[in-house]
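Here the structure comes first, spelled out in structure tokens, and everything after it is commentary.
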Number of protein chains: 2
Amino acid sequence: MRKPEIRGRILEYIRRFFDERGYAPTIRDILRGCNISSTSLVQYHLNVLEKENQIRRDPEVFRSIQLVEKDIIEVPLLGTIAAGEPIPVVDSGTWSNRAEETLRLTTDVVGNKGHIYALKVKGTSMLDALINDGDVVIMEVAQTAEDGEMAAVWLKNEQEVTLKKIYREPGRIRLQPANSEMKAIYTGPENIEVQGKVVAVLRRLDQ
Amino acid sequence: MRKPEIRGRILEYIRRFFDERGYAPTIRDILRGCNISSTSLVQYHLNVLEKENQIRRDPEVFRSIQLVEKDIIEVPLLGTIAAGEPIPVVDSGTWSNRAEETLRLTTDVVGNKGHIYALKVKGTSMLDALINDGDVVIMEVAQTAEDGEMAAVWLKNEQEVTLKKIYREPGRIRLQPANSEMKAIYTGPENIEVQGKVVAVLRRLDQ
DNA sequence: TGTTCTATAGAACATTCGTTAAATACCAAC
DNA sequence: GTTGGTATTTAACGAATGTTCTATAGAACA
């Protein structure tokens, strides 16, 4: 059966209600606010939401509904990443600059890493990493990467940045695209410079 | 009649309750939590607190008590202030450093100033400003001060920082101690450097 | 002494609100 | 079709909880 969007509306209503009034709505508040026709139907959906771990409630306690908020991390959007340019250097000075924009992401998206920042991808040069023009990559500050980790690698000879999985092999480095249909490229250890690790990629199709 | 400390206990209880459970206590919760013997007594005190604008409530709404929180400003404690040392230079770089400690102050304490930071006073050299060893001064970033404003002034010849009210007089600067029983000192305009304005002084005797 | 204000007590009332039960409707898979 | 899970409706119960009323006591003040 269709998953009704009504539970989303309920969550949204709870959030708004709490924002505006400072305490949680009752079942009957939700009933009116979401045009639901019976208290037991609200109960029903609240029970589902609680099972889904979207809300928490104390039984028999009035107005005890709470949203289970994911931990939110503010990630600064520090610039762009494009084939022909190194990615922005991130030091403590850069951090103090107010980023043009901040992404509010949950730990579900970015994990519990240390220094995280975001870059907007310019151009289609990273299609082999399955990353499109306009995507946003979430980076972690790093100068090195473990085998198998996806990193932003600056290729000195080619004067180019690329996103690849890194593998150290005898006498050479294998850079493996995320797209398994594409072939790895090989280069010398002296030709690469890790500029950061890729933590996540965001692609927003809406809006 | 004595002002009972019970209303302070009630406020504290409400704060703790909300912190722990995510929603406000009922009158009967407060009754148990604060060892009060009747609901109407709790009502009585809550009504007083509401009149004093310490809490807000929606009539007839369960668990609608809310603390009226003053706007809270996080003030970084950036170091010490002592007679023989300039106070720490505050620039955007300093802001990005995580301060050792942060003071949570209300606008009631620090007003609505711009760049605010805190310094711990070391030594008794500022007794003439009625400031003791261990006090905390709240500073506003500034390179100049208006007549009559209390500022942290670096005296170049004396190699010393002092907290005084500044008055410009013909050909000289008058530095007036906060302690009116002490005499002003005079110096040339070229001898002083304003390092910041004093916004507030905190002295905590407890703990 | 009486007055007034704050603080306290006890009890009862009325409403708000979470909970439950039982029945029906809808849709999908078998 | 039958079965089964999800969604919905209606109705009612009873506990949680804000409110009100009345009475009492102590302190401050004139």
Side-chain angles (χ1 to χ4, degrees), chain A residues 1-69, chain B residues 1-70 108:
Chain A
M1 190 175 235
R2 76 187 176 288
K3 268 233 174 178
E5 90 299 2
I6 187 153
R7 286 201 280 271
R9 293 220 321 277
I10 291 177
L11 288 175
E12 205 38 58
Y13 179 77
I14 295 170
R15 193 185 325 275
R16 264 218 332 277
F17 191 102
F18 197 93
D19 269 4
E20 287 169 12
R21 319 237 327 223
Y23 46 83
T26 64
I27 286 181
R28 285 169 179 83
D29 288 328
I30 297 173
L31 181 144
R32 295 177 212 109
C34 298
N35 280 321
I36 299 175
S37 42
S38 85
T39 59
S40 53
L41 184 50
V42 179
Q43 278 276 39
Y44 171 72
H45 287 303
L46 289 180
N47 285 335
V48 175
L49 286 169
E50 196 170 9
K51 276 213 178 61
E52 292 176 350
N53 198 35
Q54 308 250 41
I55 62 170
R56 217 173 317 132
R57 293 209 292 164
D58 287 358
E60 323 224 331
V61 175
F62 299 165
R63 296 184 182 277
S64 67
I65 301 174
Q66 294 172 69
L67 296 175
V68 175
E69 295 281 13
Chain B
M1 191 176 236
R2 77 190 174 286
K3 267 233 171 175
E5 88 303 1
I6 187 153
R7 286 202 281 270
R9 293 221 321 277
I10 290 177
L11 288 175
E12 205 37 58
Y13 179 77
I14 295 171
R15 194 186 325 274
R16 266 218 332 276
F17 192 102
F18 197 93
D19 269 4
E20 287 169 10
R21 320 242 321 228
Y23 46 83
T26 65
I27 286 181
R28 285 167 178 84
D29 287 329
I30 297 173
L31 180 147
R32 295 176 211 110
C34 298
N35 280 322
I36 299 175
S37 41
S38 86
T39 59
S40 53
L41 185 49
V42 179
Q43 279 277 37
Y44 171 72
H45 287 302
L46 288 180
N47 286 334
V48 175
L49 287 170
E50 197 170 9
K51 275 211 180 59
E52 291 176 349
N53 198 34
Q54 307 250 42
I55 63 170
R56 218 173 317 131
R57 293 210 291 165
D58 286 357
E60 324 226 329
V61 175
F62 298 167
R63 296 183 184 278
S64 67
I65 301 174
Q66 294 172 70
L67 296 175
V68 175
E69 295 281 11
K70 316 294 186 191
D108 290 353

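Naming convention: chains lettered A, B, ... in sequence-line order (proteins, then strands); numbering from 1 in each chain.
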Answer for the Watson-Crick or wobble partner of D/dA30, both distances under 3.5 Å, is C/dT1
Taking side chain to side chain contact (heavy atoms under 4.5 Å, CB included) as the criterion, tell me which of A/Leu11, A/Leu46, A/Leu67 meets it with A/Gln54.
A/Leu11
Between atom CD in B/Gln43 and atom P in C/dC13, what is the gap in whole Å?
18 Å
In whole angstroms, how far is the P atom of C/dT8 from the CD1 atom of B/Ile27?
15 Å
A/Thr26: partners by side-chain hydrogen bond (donor to acceptor under 3.5 Å, both in side chains), with sequence neighbours left out
A/Asp29
Rounded to whole Å, how long is the line connecting atom CG of B/Asn35 with atom P of C/dT8?
13 Å
A/Arg28 side chain, from C-beta outward: closest of C/dG18, D/dT19, D/dT17:
C/dG18
Listed nucleotide nearest any side-chain atom of A/Arg57, set C/dA7, C/dT19, D/dA7:
C/dT19
Provide, to the nearest angstrom, the distance between the CZ atom belonging to A/Arg9 and the P atom belonging to D/dA7.
14 Å
Nucleotide C/dT16, atom C1' - distance to CD1 of A/Ile30 in whole Å:
15 Å
Given DNA chain C, 5'-ward residue of the pair B/Phe62 and B/Tyr44, judged by closest heavy atom
B/Tyr44
Between the side chain of B/Gln43 and the main-chain N/O of B/Ser38, is any donor-acceptor distance below 3.5 Å?
no
Under 4.0 Å, counting only non-hydrogen atoms across every strand here, what does A/Ser38 touch: a base, just sugar-phosphate, or nothing?
base
Whole-Å distance separating the CD atom of A/Glu60 from the C1' atom of D/dA15
7 Å
Aromatic rings A/Tyr23 and A/Phe17: how do their planes relate, parallel, tilted or perpendicular, breaks at 30° and 60°?
perpendicular
In whole angstroms, the gap separating P of D/dG18 from CZ of A/Arg63 amounts to 10 Å
Looking across every strand, which nucleic acid part, if any, lies under 4.0 Å from A/Ser64 by heavy atom: base, sugar-phosphate, or nothing?
nothing
Has A/Arg7 got a side-chain N or O lying under 4.0 Å from the OP1 or OP2 atom of D/dA7?
yes
To the side chain of A/Leu41, which of D/dA7, D/dA11, D/dT17 is closest?
D/dA7
Which is true for B/Val48 with a 4.0 Å heavy-atom rule: it touches a base, it touches only sugar-phosphate, or it touches nothing?
nothing
Check whether the side chain of B/Ser40 and the base of D/dT19 form a donor-acceptor pair under 3.5 Å.
no
How many whole angstroms separate atom CG of A/Leu46 from atom P of C/dG18?
9 Å
Ionic contact status for A/Arg9 with A/Glu12, cut-off 4.0 Å
no
Tell me whether the side-chain N/O atoms of A/His45 come closer than 4.0 Å to OP1 or OP2 in D/dT8.
yes
Of the listed nucleotides (C/dT19, D/dT17, C/dG18), which one gets closest to any side-chain atom of B/Thr26?
D/dT17
